Amino acid sequence: MTPSGKAEHSFFDQVYQLVQQVPKGRVTTYGAIAKALGSGLSARMVGWAMNGSHSGVNPVPAHRVVNRNGQLTGKIHFGSATEMQELLENEGIAVENDTVINFRELFWDPANEL
DNA sequence: ACGTTGACTTATT
DNA sequence: AAATAAGCCAACG
């Protein structure tokens, strides 16, 4: 998968790079990413793209990507159900009941910040 | 090749 | 307010 240097223009790669640009201690949503790419209704593909994140040599902070409710819906794909929460807490993000606390403040909108 | 599933979201009932 | 329907697009069987 075209290692470092080669930037693909596929929907997946756009998602990867965008998520990688998410500041530490911040979180974003699938819908925001999808919307930033032009299709706000294709949020599912964003999650699916994350599924292929392992295909890329670059680490994709998928733990910073949550659903619109701030809920860690994708934590089940991390291998450990608590790993995603631990990662978020490690960045200073408070998580409880699989939901990001102060999600509204921590929300990083690529269409607004980028 | 067709049908189902999926880390979502919005609208409608 | 809660539940259901629909829309999106790609991958898997």
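For the numbers below, each heavy atom of this structure counts, side chains included, while hydrogens, waters and symmetry mates do not. Everything numeric here is computed off the predicted structure, so don't read it as measured data. The sequence lines fix the lettering, A, B, ..., with proteins before strands; numbering per chain opens at 1.
A donor-acceptor pair under 3.5 Å is absent between the side-chain atoms of Tyr16(A) and the main chain of Asn58(A), judged by distance alone. Proximity of a side-chain donor or acceptor of Gln71(A) to a complementary backbone N or O of Asn67(A) within less than 3.5 Å is not detected.
Among residues at least two apart or in separate chains, salt bridge (Lys or Arg N to Asp or Glu O under 4.0 Å) pairs with a member in residues 50-74 of chain A are Arg64(A)-Glu91(A). For residues 97-110 of chain A, the side-chain hydrogen bond (donor to acceptor under 3.5 Å, both in side chains) pairs, not counting sequence neighbours, are Lys75(A)-Asp98(A). A salt bridge (Lys or Arg N to Asp or Glu O under 4.0 Å) check over residues 48-57 of chain A, counting only residues at least two apart or in different chains, returns nothing.
With sequence neighbours excluded, the residues forming a side-chain contact (heavy atoms from CB on, under 4.5 Å) with Leu87(A) are His63(A), Phe78(A), Glu83(A), listed by chain and number. Remark: Pro59(A) pairs with no residue by the side-chain contact (heavy atoms from CB on, under 4.5 Å) rule, at least two apart or across chains. Annotation: side-chain contact (heavy atoms from CB on, under 4.5 Å) contacts of Thr29(A) (sequence neighbours excluded): Ala32(A), Phe103(A), Phe107(A). Scored by the side-chain contact (heavy atoms from CB on, under 4.5 Å) test, Asn51(A) finds Trp48(A) as partners (sequence neighbours excluded).
Of the residues in residues 68-89 of chain A, Arg68(A), Thr73(A), Gly74(A), His77(A), Phe78(A) come within less than 4.0 Å of DNA chain B through at least one heavy atom, sorted by number. Near DNA chain B, meaning a heavy atom under 4.0 Å from it, residues 107-114 of chain A has no residue at all.
One interatomic measurement links the two molecules: CG of Asn67(A) to P of dG6(B), which rounds to 16 Å at whole-angstrom precision. Asn51(A) places its CG atom 11 Å from the P atom of dG6(B), with the value rounded to the nearest Å.
The P atoms of dT4(B) and dA5(C) are separated by 16 Å, rounded to the nearest whole Å.
As a member of the Ile/Leu/Val/Met/Phe/Trp/Tyr network built from side-chain separations under 4.5 Å, Ile76(A) groups with nothing else and remains a singleton.
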For this session: Show the numbers, then the answer: is there a side chain to side chain contact (heavy atoms under 4.5 Å, CB included) between Ser53(A) and Phe12(A)?
Result: CA-CA 8 Å; Ser53(A) 63; Phe12(A) 282 47; over 6 Å; no
For this session: Carefully, step by step, assess Val95(A) and Ile101(A) under the rule side chain to side chain contact (heavy atoms under 4.5 Å, CB included).
Result: CA-CA 5 Å; Val95(A) 179; Ile101(A) 308 296; 5.7 Å; no
For this session: Walk me through it: do Leu72(A) and Val100(A) pass the test side chain to side chain contact (heavy atoms under 4.5 Å, CB included)?
Result: CA-CA 8 Å; Leu72(A) 283 55; Val100(A) 177; 3.7 Å; yes
Seminar exercise, completed: A correct 5'-to-3' footprint of nucleotides 8-13 of chain C, with B, S and - meaning base, sugar-phosphate only and no protein heavy atom under 4.0 Å, is BBSS--
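Using a 4.0 Å heavy-atom criterion, one finds that Ala62(A) contacts the bases of the nucleic acid, with or without backbone contacts as well.
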Scan nucleotides 1-3 of chain B against the protein and return all N/O pairs shorter than 3.5 Å with their distances rounded to 0.1 Å.
none

